[in-house]
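Written out below as structure tokens is the structure these notes cover.
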Amino acid sequence: MVLIYRCAIILVSGTNNIKVGVVLKESSIKNIISKVNHDSIAEEVGLEVGDVLLSINGEMIEDIIEYKFYLAEEYLEIEIEKPDGEQWVIEIDKDYDEDLGIEFENPIIAEAKSCKNKCMFCFIDQLPKDMRKSLYFKDDDSRLSFLHGNYITLTNMRDEDIDKIIQYRISPINISVHTTNGQLRKKMLNNPKAGNILGIIKKLADNHIEMNCQIVLCHCINDGEELDNTLKDLGELSHAINSVAVVPVGLTRYREKLYPLQPFYKTTALNTIQQVESWQKKFHKTINRSLVHLSDEFYLLAEMPFPAYEDYDGFSQLENGVGMVVKFKKEFYDHLQKLKIPKFKSAKKVTVLTGTLIHNTMNELCQALNSKVDNFILQAIAIPNDYFGGQVSVTGLITATDILNRLKGIDLGEKIIIPISMLKSEEEVFLDDITVTELQNKLEVKVQVCEVEGSAFIDKALE
């Protein structure tokens, strides 16, 4: 039952155990609702796009973490302001952790915290000047870490902010560590407040906050002995640290007046693999898991075989490019083994686009599929990254501009397949602001977007 109180007039409607009361007052908080899901609690009580969330159980909602925290309770008293200024007080009985079914204009409700560091390896500082504006924003916000898996340095957080993470159980949290050497971290992040990272991690661990850690490895800076010391420190906190990803620094051709860094090549990548593998063996003996993982780039650069599928501890660092190749290949070959082979009456040709680093692997998979299917050719074409230049060779940073330049005069068949990692999240837009539709029109061939998943790749190629 819904009871709606408007100026002492009582209206009754609905069937759920929900009560709504109304008061009239002004509010400056604008947590504006942008979407109300169909058949949700929010829809049932009459919430609409444009309504403003004021409080839950008497607590003012200042960011998305507070919203998620208070929303988990079974009994809620929610205060909502309508566009005309009228306010509803809604009482709701629901299941624990059941969602209301609303989204906000600003996903984190509050203003996002920007990065205050000037990291020697920052990729955003290496971007050309003509890209879309949103790409130049450096976020360093614990709420985005919790919601979207972003990595944060914790350098712009006060003691109260750390306490808030603990109070609201923001877990897991993803932390850009880079090194546990305080003086070196200050230098790498170019921030005098960056030195106490190990102390903060220990405090979070003591309060049972789970963490994933990231190390952007810079040759002759935080590798070698410094990497050993960092992995030793993090290993001692393995009861709270789920995983540690080690990724090579990415260097574009736009590094004018930036700290001189060296890229990783075959020899240095191989040395890093051997070093990390020795730590993995130690961790397997002491905690029965690998804990630390190298991104796929190291193995591809070193031309070394990847670890076994089971060694990736559940693939918790895929967003850092850790284990993507191993996972993708297993999905591909598992699906290929049980695939019902289609029969094409006439020749069918399809093209898949890849970065230069992964091209040999993708070419291997194409040949495996081609050998199974008659009248079918799947070809992999590598796209050199002239847009960013430097040492950038990963597929996710390919632009439509480079695709157009590379594919001139090539027989692409009836369609091309691109991975979704090339595009902006939830939008079919490349890094250079060209849309998939625009690319398709310029190439005069169908462009299909595919999830980075082995079985989906096969199905997309053959459909």
Side-chain angles (χ1 to χ4, degrees), residues 121 123 151 176-181 184 188 212-236 238 241-251 261-330 354-365 382 390-397 452:
F121 51 81
F123 195 81
Y151 277 78
S176 292
V177 177
H178 309 311
T179 177
T180 53
N181 178 335
L184 177 59
M188 292 186 71
N212 295 301
C213 299
Q214 176 196 66
I215 298 170
V216 173
L217 205 63
C218 301
H219 184 50
C220 294
I221 305 290
N222 63 333
D223 59 352
E225 184 178 349
E226 291 292 348
L227 179 60
D228 283 334
N229 293 334
T230 297
L231 295 180
K232 177 179 178 293
D233 289 338
L234 297 179
E236 291 173 354
S238 60
I241 295 177
N242 295 327
S243 62
V244 180
V246 181
V247 302
V249 61
L251 304 176
L261 292 174
Q262 303 175 44
F264 281 87
Y265 293 106
K266 183 174 182 177
T267 301
T268 49
L270 179 59
N271 292 339
T272 304
I273 291 172
Q274 293 170 343
Q275 181 181 9
V276 169
E277 282 182 346
S278 69
W279 278 102
Q280 290 174 329
K281 291 176 182 177
K282 292 176 185 177
F283 290 137
H284 270 285
K285 289 180 180 179
T286 56
I287 61 175
N288 200 33
R289 58 191 174 100
S290 298
L291 183 65
V292 57
H293 304 277
L294 290 165
S295 73
D296 295 353
E297 292 171 74
F298 283 106
Y299 298 98
L300 293 169
L301 285 169
E303 299 178 4
M304 289 290 289
F306 286 90
Y309 184 92
E310 297 75 19
D311 290 336
Y312 280 96
D313 298 338
F315 297 90
S316 60
Q317 292 269 11
L318 285 172
E319 292 301 318
N320 264 320
V322 174
M324 291 186 73
V325 172
V326 171
K327 184 174 181 291
F328 189 91
K329 288 182 70 173
K330 185 176 189 305
T354 80
T356 55
L357 197 59
I358 195 68
H359 178 253
N360 287 342
T361 299
M362 292 303 297
N363 193 54
E364 169 203 323
L365 300 183
Q391 303 299 314
V392 177
S393 55
V394 296
T395 304
L397 293 175
V452 184

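Fair warning: this is a prediction, and the values are worked out from it, not measured in the lab.
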Discussion item. Working note: Val276 + Leu227, criterion side-chain contact (heavy atoms from CB on, under 4.5 Å); need CA distance, chi angles, decisive distance, verdict.
Written reply: CA-CA 9 Å; Val276 169; Leu227 179 60; 4.3 Å; yes

Heavy-atom donor-acceptor pair, [X] side chain to [Y] backbone, under 3.5 Å:
| X | Y | value |
| --- | --- | --- |
| Thr268 | Phe264 | no |
| Asp296 | Val322 | no |
| Asp223 | Leu217 | no |
| His178 | Val216 | yes |
| Arg289 | Asn242 | yes |
| Asn320 | Ser295 | no |
| Gln280 | His293 | no |

Spatial distance of atom [atom1] ([X]) from atom [atom2] ([Y]) [nearest 0.5 Å]:
| X | Y | atom1 | atom2 | answer |
| --- | --- | --- | --- | --- |
| Phe315 | Lys330 | CZ | NZ | 8.5 Å |
| Glu226 | Met188 | CD | CE | 9.5 Å |
| Ser238 | Ile287 | OG | CD1 | 4.0 Å |
| Ile221 | Thr179 | CD1 | OG1 | 11.0 Å |
| Leu234 | Ser243 | CG | OG | 10.5 Å |
| Glu277 | Gln274 | CD | CD | 7.5 Å |

Residue pair [X] / [Y], side-chain heavy-atom distance below 4.5 Å:
| X | Y | result |
| --- | --- | --- |
| Thr230 | Asn222 | no |
| Pro248 | Phe298 | yes |
| Phe123 | Leu397 | yes |
| Glu225 | Asn229 | yes |

So, for [X] and [Y], which heavy atoms are closest and what is the spacing to 0.1 Å?
| X | Y | answer |
| --- | --- | --- |
| Cys220 | Gln262 | SG-NE2, 4.3 Å |
| Asp313 | Ser290 | OD2-N, 3.1 Å |
| Tyr312 | Gly323 | CE2-CA, 3.4 Å |
| Lys327 | Tyr309 | CA-CE1, 4.1 Å |
| Leu301 | Ala269 | CB-CB, 3.9 Å |
| Ser176 | Gln214 | OG-OE1, 2.9 Å |

Practice prompt. Evaluate the ring planes of Phe306 and Tyr299, with Trp represented by its six-membered ring, and classify them as parallel (under 30°), tilted (30 to 60°) or perpendicular (over 60°).
Written response: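 It falls in the tilted class, 30° to 60°.
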
Discussion item. Any carboxylate oxygen within less than 4.0 angstrom of a Lys/Arg side-chain nitrogen, looking at Lys232 and Glu236?
Written reply: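 The answer is yes: the pair qualifies as a salt bridge.
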
Practice prompt. Starting from the C-alpha separation in whole Å, work towards a yes-or-no answer on side-chain contact (heavy atoms from CB on, under 4.5 Å) for Asn360 and Glu364.
Written response: CA-CA 6 Å; Asn360 287 342; Glu364 169 203 323; over 6 Å; no

Discussion item. Between Thr361 and Phe328, does the side-chain contact (heavy atoms from CB on, under 4.5 Å) criterion hold? Intermediate values first, please.
Written reply: CA-CA 10 Å; Thr361 299; Phe328 189 91; over 6 Å; no

Worksheet entry | Stepwise side-chain contact (heavy atoms from CB on, under 4.5 Å) test for Gln275 and Asp228 | CA-CA 8 Å; Gln275 181 181 9; Asp228 283 334; 2.9 Å; yes

